[in-house]
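Residue indices begin at 1 and follow the sequence shown.
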Amino acid sequence: MLPSLEKQQKNIFLLFFPSGVHGDSFTVLQAPEFVSFQKGDWPVSGEKIPDLVALTMGFSVQEDLSWPGLQAGPLFQRPRANVLVVVRGVDSLALPQSVASYPLENPVPFTLDSVAETVHSLFAEDTPVVLQLAPSEERLYMLGKANAVFEDLPVTLQQIRARLSQDGSVLSSLPLNSLSRNAEADLLFLSEVQVLHDITALLQRHRHLAKDHSPDLYSLELSGLEELSRLYGPDSPQYRDATALLASVLQKFGQDVYGLYGNSSVVEVVTVKAFEAPLTRKSRSILESRQISNPGSPYNLAYKYNFEYAVVFNIVLWLMIVLALAVIAIAYNLWNMDPGYDSIIYRMTNQKIRMD
């Protein structure tokens, strides 16, 4: 009787606490073999996600990330792209296939600005794609020479609504079920799905961007589910249908991007029910292109800071100190030199040269 009782208790425990990652989560949809994510329940902090993305791309970080979920890979191999999708308004998605999933603790707002700056500074002469997009807030931030490819990407709600009415939109190919074509919150959610579709369509037309040697970075923030949950409630059919639809769309989006980059890209999904603090960020122009050095700038901006400045400064400083001490020592010895004893020039002028 005792084993059956233990079995019943175990079944009751699994009924109320099913296995898997619950709460806010960090899920790796796609990853190449040389980027090793270990399966486990190791929580990852929200503020460490930019460092985690940098490490997956082969970049160094200022502080060591003591997290066992990611192991060090080959030194001379890095993925061609990293795609991070942040989904607000849901703690987890029923994704059919994934590499690994981890609990997300301390869900504070974060951006990949530091990773974008690293990509742009190291590969400024190439054509890296650095795209950070939030359709709900109409924020689009791009860097590099690949801006022209994504100029036609719809960003504002007015542009996306016009795109939804055109041929080839997601309205004609996806099952809407309880979602409406006329409701404001439903259109916001569908517009984010449309943006995901348009990004893969642009990459398929411009495959050269996925085949160059410079790594690409995508950061997408989706908040349509958050609006649906606020308007209809988390138990509404609209919210359930949108959650299932977004899970299937993200799964296909990850597979398409992974294939376009030759199975050499990392696709991650962060699901957050609600951030602990609002994210504030300075808006930037769509076609903004930063300069590494800007002499003659009309805004009198300073030069871009170089992290090797401290090293170069110390090399120049101590070299000048050594040279100055050498000059002082040489001048001191020349001043106190006895010409008749120390210099052979004066001795050669003597009539009686001592022959050794």
Side-chain angles (χ1 to χ4, degrees), residues 27 29-30 81 83-90 92-98 129 131 133-140 149-207 209-210 216 218-229 231-232 234 236-263 265 267-271:
T27 305
L29 278 182
Q30 301 287 343
V83 183
L84 177 66
V85 182
V86 179
V87 181
R88 296 166 51 183
V90 62
S92 62
L93 289 173
L95 299 169
Q97 297 177 354
S98 63
V129 178
L131 177 65
L133 175 63
S136 61
E137 300 179 8
E138 300 181 358
R139 287 193 288 109
L140 177 63
V149 175
F150 295 94
E151 285 180 358
D152 298 332
L153 190 68
V155 181
T156 64
L157 295 179
Q158 183 178 2
Q159 293 174 348
I160 299 177
R161 286 179 181 177
R163 177 68 182 90
L164 288 174
S165 61
Q166 297 174 1
D167 296 334
S169 67
V170 296
L171 295 181
S172 59
S173 59
L174 295 178
L176 301 183
N177 296 331
S178 61
L179 297 176
S180 174
R181 298 170 180 259
N182 301 320
E184 188 76 18
D186 299 15
L187 285 177
L188 172 61
F189 169 76
L190 295 174
S191 66
E192 295 175 344
V193 176
Q194 182 66 53
V195 170
L196 295 176
H197 177 270
D198 290 342
I199 289 176
T200 55
L202 286 173
L203 287 176
Q204 288 176 355
R205 291 201 300 266
H206 302 276
R207 291 178 177 266
L209 295 176
D216 300 337
Y218 301 85
S219 176
L220 311 175
E221 182 179 331
L222 311 180
S223 61
L225 286 179
E226 190 175 29
E227 294 295 329
L228 292 177
S229 176
L231 181 62
Y232 301 112
S236 62
Q238 292 88 346
Y239 181 79
R240 290 196 299 267
D241 293 340
T243 303
L245 179 61
L246 183 61
S248 62
V249 169
L250 285 177
Q251 189 73 56
K252 185 178 184 304
F253 175 75
Q255 294 174 354
D256 293 342
V257 173
Y258 188 69
L260 287 171
Y261 280 92
N263 299 341
S265 63
V267 183
E268 303 114 339
V269 176
V270 175
T271 54

Pairing residues for [X] by the side chain to side chain contact (heavy atoms under 4.5 Å, CB included) criterion, not counting sequence neighbours:
X      : value
Gln97  : Gln251, Gln255
Ser178 : Pro237, Gln238, Asp241
Ala183 : Ser180, Asp186, Tyr232
Leu231 : Ala185

Residues forming a side-chain hydrogen bond (donor to acceptor under 3.5 Å, both in side chains) with [X], sequence neighbours excluded:
X      : value
Tyr218 : Tyr261
Tyr239 : none
Thr27  : Ser101

Problem set entry | side-chain contact (heavy atoms from CB on, under 4.5 Å) between Leu250 and Leu93, worked out | CA-CA 10 Å; Leu250 285 177; Leu93 289 173; 3.7 Å; yes
Exercise. Can Leu222 and Leu246 be said to form a side-chain contact (heavy atoms from CB on, under 4.5 Å), step by step?
Worked result: CA-CA 10 Å; Leu222 311 180; Leu246 183 61; 4.2 Å; yes
Problem set entry | salt bridge (Lys or Arg N to Asp or Glu O under 4.0 Å) against Asp198, all qualifying residues, sequence neighbours excluded |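 Counting only residues at least two positions away or on another chain, Asp198 forms a salt bridge (Lys or Arg N to Asp or Glu O under 4.0 Å) with Arg163.
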For this session: Please list, chain by chain and in numerical order, all residues satisfying salt bridge (Lys or Arg N to Asp or Glu O under 4.0 Å) with Asp256, sequence neighbours excluded.
Result: Lys252
Using 0.5 Å steps for rounding, measure from the [atom1] atom of [X] to the [atom2] atom of [Y].
X      : Y      : atom1 : atom2 : answer
Phe189 : Leu176 : CZ    : CG    : 9.5 Å
Glu221 : Leu84  : CD    : CG    : 10.0 Å
Arg240 : Asn177 : CZ    : CG    : 11.0 Å
Ser248 : Leu174 : OG    : CG    : 7.0 Å
Ile199 : His197 : CD1   : NE2   : 11.5 Å
Thr200 : Arg205 : OG1   : CZ    : 9.5 Å

For this session: Take Val170 and Val249 through the test side-chain contact (heavy atoms from CB on, under 4.5 Å) and record every step on the way to the result.
Result: CA-CA 10 Å; Val170 296; Val249 169; over 6 Å; no
Write down the atom of [X], the atom of [Y], and the distance for their closest heavy-atom approach.
X      : Y      : answer
Leu95  : Ala247 : CD2-O, 3.6 Å
Phe150 : Val129 : CE1-CG1, 3.5 Å
Arg207 : Gln204 : CG-O, 3.3 Å
Ala162 : Gln166 : O-CG, 3.2 Å
Ala242 : Leu228 : CB-CD1, 3.4 Å

Exercise. His206: what forms a ring-ring contact (aromatic ring centres under 6.0 Å, His included) with it, not counting sequence neighbours?
Worked result: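 ring-ring contact (aromatic ring centres under 6.0 Å, His included) check on His206 returns His208.
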